[in-house]
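Please read through the structure below; I'll follow up with questions.
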Amino acid sequence: MSNEISESGNKIGHTDIGMNRRQLLKTVGGASLIISSAGCSSSSGGSDSGGSDSGGSDSGGSDNEVHFLTDESFRDFFTTVKEDFESETDYTVRMEYAGVGGSAEDRLAQLTQSSDPPEVFLTGSSQAARFLNQDAIAPVSDAFSSITERFGEPMRTARLQADNDDYIAPLWGNIGISWYRTSFFDNPPDTWESLISSAEKIDESSELTGSFVPAGTDICTDLCLLGWAYSNDARVCARENGEVSVIMTNGDNRQRWVETLQYLQNLHEYSSTNSDAGCSQMSQALASESSAQAWYVGSRPKYQSISQNKEFADKISATTQPTPEAEQDPMTIALAEGLVTFANSNTTAANEYIDFLFQPKYLNKIYFLTPLQNVPIFPGISETEGYQNRINEIVSETEITQEDVETTKTASENIITLASETNPPNPYSGAILGSRKLSELMYDVTVGDSSPEEALETRASEIQDAVNEARN
């Protein structure tokens, strides 16, 4: 995956995603910590040890030090927070930047193996659920309580709790949304039927394809399939007698999966083949003038058209995840990322740093790098004066519309994460995404010759194997 589409440092959900099946078994005190080799690949280099802004040693911090391990993303942003935090408290911050890709996770494994975990780590909800299952992370409840006093409760499905403690301070979500060129549609394609009927007409009367259905082995293909499945109330996993199991072929849920796969197979008839298409191609589908509609986790399909000065950029609009029937709640997938702290680290310092970072003057720098791409997980943040002023400026100065803002807000109120399908959250959701079996399922029913029923049986079994491997 190229840097172009990344969002945690401009990559989508970087710590939720395994680019291969390699796992590292490390130790945190007495707890086993398994870190999926994760991240969107990058042409950027970077050693496993990364670079430290403060010049501190690789192990052994002082009582007033906050060691923050992350990748190269948002370096300027984190530098500003570090400098302000140090000037306003007695703490020092040691920023360690690992190269974009898997090396942040590799470096984390090195540190935890030597019993010197960082105080703060930026991660995704699936990886955080795994850490919690392994007793590797510590509560951020003090910071969380302070943050909720300022901004209210976060989106429920982005919350990670155990025994009334919170274990992640969620920073943002990337929300599944459909984007379309209004000049090709009589009405917003917000249902399955309205989209496919319009796509057929566009495909017959235009040089553009009516839709863009990805089929490449890619995280965004995984997420696209999940977005459509969630709109049909299908689920991947559930807890049975406390254990996480794959339920894709169980009862009514099987029928909902078959319906979803059949729909995507039909919709693909009005799409390019897209056998290798993933995040980059999806984000460029409208700007490249290859398709009239595209699904994405965030605003990039429109933003790419704006940044490339396409004359039709003002005629691209957002709609919530299309649903099988009108008036249904537009449930969709989201990737959520946030900050965690580790057991055996200075958790008091970590909580103070996390609380300090959650100020609009800092957060808005991330939220508006690409407007509507990184969406606040705490809805109260988007209601602050600073956020609203910036939104108004964006609407006034760019082709982003108030309708786009409202659609994104509605979508963010109807999100599910793969981890939040179960309660407690699924600790194997990262392994499921890392297996890429969801992408392969999409390929099977679009580019491949498999029937939805046949493909579902095969891939559901393989996803269960991925869960079993991660469990063991």
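Values reported hereafter were calculated over all heavy atoms of this structure, with side chains retained and with hydrogens, waters and symmetry mates removed. None of the values given here were measured: they were computed from a predicted structure.
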Margin query: How close do W257 and L441 get, counting heavy atoms only, and between which atoms?
Written below: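 That would be CZ3-CD2, 4.3 Å.
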Note to self: Working note: F378 + F144, criterion ring-ring contact (aromatic ring centres under 6.0 Å, His included); need CA distance, chi angles, decisive distance, verdict.
What the structure shows: CA-CA 11 Å; F378 289 86; F144 197 96; 5.7 Å; yes
Check: Where do Y387 and L363 land on the side-chain contact (heavy atoms from CB on, under 4.5 Å) test, with the steps shown first?
Finding: CA-CA 9 Å; Y387 189 94; L363 298 175; over 6 Å; no
Next item on the list: Determine whether L372 and I391 make a side-chain contact, defined as any pair of heavy atoms from C-beta on separated by less than 4.5 Å.
Entry: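 The answer is yes; the side chains approach within 4.5 Å.
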Notebook entry, point to check: Taking N392 for the side chain and Q388 for the main chain, is one N or O donor matched with an acceptor at less than 3.5 Å?
Noted result: yes
Next item on the list: Assess the side chains of Q464 and N468: does a donor N or O sit below 3.5 Å from an acceptor N or O?
Entry: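 On atom types as modelled, these side chains qualify, holding a pair under 3.5 Å.
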Note to self: A quick test of your reading: do over 12 heavy atoms of other residues, nucleotides or ligands sit less than 6.0 Å from CG of N389?
What the structure shows: yes
Check: Are the side chain of T422 and the backbone of N426 linked by a donor-acceptor contact shorter than 3.5 Å?
Finding: yes
Notebook entry, point to check: Rounded to the nearest 0.5 Å, what separation is found between the CD atom of E462 and the CD atom of E440?
Noted result: 6.5 Å
Checklist line | A326 backbone acceptor or donor facing T323 side chain under 3.5 Å | finding: no
Check: Judged by atom type as modelled, is there a donor-acceptor pair below 3.5 Å linking the side chain of R107 to the main-chain atoms of E96?
Finding: no
Notebook entry, point to check: Between Q328 (side chain) and E325 (backbone), is there a donor-acceptor pair under 3.5 Å?
Noted result: yes
Next item on the list: Could you tell me whether R390 and E393 make a salt bridge, using a distance below 4.0 angstrom between a side-chain N and a carboxylate O?
Entry: yes
Next item on the list: Measure the spacing between CG of N374 and CD1 of I366 and express it to the nearest 0.5 Å.
Entry: 7.0 Å
Item checked: side chain to side chain donor-acceptor pair (under 3.5 Å) between S178 and Q293, intermediate numbers included -> CA-CA 7 Å; S178 176; Q293 180 272 339; 2.9 Å; yes
Checklist line | Candidate pair K201 and E204, rule salt bridge (charged side-chain N to carboxylate O under 4.0 Å, His left out), full reasoning | finding: CA-CA 5 Å; K201 293 176 183 177; E204 292 173 349; over 6 Å; no
Checklist line | Matching residue for F74 among Y97, F68, Y367, W172 - test: ring-ring contact (aromatic ring centres under 6.0 Å, His included) | finding: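 Answer after filtering Y97, F68, Y367, W172: W172.
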Margin query: Show the nearest heavy-atom pair for residues I137 and Y167, with the distance to one decimal.
Written below: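 Nearest pair, atom of I137 first, then Y167: O-CE2, 3.5 Å.
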Notebook entry, point to check: What heavy-atom pair brings L69 and A104 nearest, and what distance separates the two atoms?
Noted result: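 Scanning both residues completely, I find the closest heavy atoms to be CD2-O, 3.7 Å.
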Margin query: To the nearest 0.5 Å, what is the distance between CG on L132 and CD on Q161?
Written below: 10.5 Å
Next item on the list: Check Y303 against L369 and note the closest heavy-atom contact, atom names and distance.
Entry: OH-O, 4.0 Å
Next item on the list: Taking the side chain as every heavy atom from C-beta outward, state whether S412 and M155 have any pair of such atoms under 4.5 Å apart.
Entry: yes
Note to self: Quick check: do Y270 and T209 have side-chain heavy atoms less than 4.5 Å from each other?
What the structure shows: no
Margin query: Can you give me the closest heavy-atom contact between G210 and S291, atom names plus distance?
Written below: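 Answer, listing the atom of G210 first, then S291: C-OG, 4.3 Å.
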Table please: side-chain donor-acceptor pairs of residues 181-191 below 3.5 Å, with sequence neighbours left out.
from : atom 1 : to   : atom 2 : distance (Å)
T182 : OG1    : K315 : O      : 3.2
T191 : OG1    : S194 : N      : 3.1
T191 : OG1    : S194 : OG     : 2.9

Notebook entry, point to check: Between the side chain of N253 and the main-chain N/O of T249, is any donor-acceptor distance below 3.5 Å?
Noted result: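 Such a contact is absent between N253 side chain and T249 backbone.
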Next item on the list: Report, as yes or no, whether the 6.0 Å neighbourhood of atom CD on E385 holds more than 12 heavy atoms from other residues, nucleotides or ligands.
Entry: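 Not buried by this count: 12 neighbours or fewer within 6.0 Å.
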Next item on the list: Check C279 against Y296 and note the closest heavy-atom contact, atom names and distance.
Entry: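 Smallest heavy-atom distance, with atoms named: O-CE1, 3.5 Å.
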Check: Stepwise, does the side-chain contact (heavy atoms from CB on, under 4.5 Å) test hold for I175 with I333?
Finding: CA-CA 6 Å; I175 314 298; I333 185 67; over 6 Å; no
Notebook entry, point to check: Under 4.5 Å between any side-chain heavy atoms of T332 and Y230, yes or no?
Noted result: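 They are not in contact (no side-chain heavy atoms under 4.5 Å apart), so the answer is no.
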Next item on the list: With side-chain contact (heavy atoms from CB on, under 4.5 Å) as the test, would you mind laying out the steps for Q321 and W228 before giving the verdict?
Entry: CA-CA 7 Å; Q321 170 71 52; W228 288 99; 3.3 Å; yes
Next item on the list: Please answer whether the main-chain N or O of T217 pairs with a side-chain N or O of T221 as donor and acceptor at a distance below 3.5 Å.
Entry: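 Between the backbone of T217 and the side chain of T221 there is no qualifying donor-acceptor contact (under 3.5 Å).
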Check: If you measure from CG on D218 to CD on Q281, what distance do you get to the nearest 0.5 Å?
Finding: 7.5 Å
Note to self: How long is the straight-line distance from CD of E207 back to CD1 of I202, given to the nearest 0.5 Å?
What the structure shows: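 Interatomic distance, I202 CD1 to E207 CD, rounded to 0.5 Å: 13.5 Å.
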Check: Does some side-chain heavy atom of W295 sit less than 4.5 Å from a side-chain heavy atom of M282?
Finding: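 Yes, close enough: below the 4.5 Å cut-off.
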Next item on the list: Give the C-alpha distance, both sets of side-chain angles, the deciding distance and a yes or no for side chain to side chain donor-acceptor pair (under 3.5 Å) between S420 and T157.
Entry: CA-CA 6 Å; S420 71; T157 53; 4.6 Å; no
Note to self: Quick check for you: to the nearest 0.5 Å, what is the distance between T446 atom OG1 and M442 atom CE?
What the structure shows: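 These two atoms lie 6.5 Å from each other.
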Next item on the list: Could you check N274 against S271 for side chain to side chain donor-acceptor pair (under 3.5 Å), going step by step and ending with a plain yes or no?
Entry: CA-CA 8 Å; N274 295 332; S271 168; 3.0 Å; yes
Notebook entry, point to check: Does E453 pair with R254 as a salt bridge, N-O distance under 4.0 Å?
Noted result: no
Notebook entry, point to check: Quick one: are L433 and I219 in side-chain contact, heavy atoms under 4.5 Å?
Noted result: yes
Next item on the list: Inspect the contact between E399 and K302 and indicate whether a charged nitrogen and a carboxylate oxygen are less than 4.0 angstrom apart.
Entry: no
Check: Could you walk me through whether V140 and V340 pass the side-chain contact (heavy atoms from CB on, under 4.5 Å) check?
Finding: CA-CA 7 Å; V140 293; V340 299; 5.6 Å; no
Checklist line | Pair S290-S288, side-chain donor/acceptor within less than 3.5 Å | finding: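 S288 and S290 do have a side-chain donor-acceptor pair below 3.5 Å.
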Checklist line | side-chain hydrogen bond (donor to acceptor under 3.5 Å, both in side chains) against S299, all qualifying residues, sequence neighbours excluded | finding: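 So S299 forms no side-chain hydrogen bond (donor to acceptor under 3.5 Å, both in side chains) with any residue.
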Next item on the list: List the steps and the verdict of side chain to side chain donor-acceptor pair (under 3.5 Å) for T148 and E153.
Entry: CA-CA 5 Å; T148 56; E153 297 291 326; 4.8 Å; no
Item checked: Lys/Arg-Asp/Glu bridge criterion (N-O < 4.0 Å) met for R256, E259 ->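 No, R256 and E259 are not salt-bridged.
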Next item on the list: Using atom types as modelled and distance alone, determine if a side-chain donor or acceptor of S435 lies under 3.5 Å from a backbone N or O of I463.
Entry: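 Checking the backbone N and O of I463 against the side chain of S435, no donor-acceptor pair under 3.5 Å is found.
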Note to self: With a 3.5 Å distance limit and no angle check, can you tell me whether N266 reaches the backbone of Q262 through a side-chain donor-acceptor pair?
What the structure shows: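 Flag set: sc N266 to bb Q262 pair under 3.5 Å.
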Check: Ion pair present between E413 and K409, side-chain N to carboxylate O less than 4.0 angstrom?
Finding: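 Looking at K409 together with E413, the answer is yes, because their closest N to O distance falls below 4.0 Å.
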Note to self: Using only atom types and a distance under 3.5 Å, with no angle test, would you say the side chain of T370 pairs donor to acceptor with the backbone of Q373?
What the structure shows: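 Absent.
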Checklist line | F77 side chain reached by L357 side chain, heavy atoms, under 4.5 Å | finding: yes
Check: With N133, which residues qualify under side-chain hydrogen bond (donor to acceptor under 3.5 Å, both in side chains), at least two apart?
Finding: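 Applying side-chain hydrogen bond (donor to acceptor under 3.5 Å, both in side chains) to N133 gives none.
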Check: How about T319 and W179: do any of their side-chain heavy atoms sit closer than 4.5 Å?
Finding: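 A side-chain contact is absent here, since even the closest heavy-atom pair is not under 4.5 Å.
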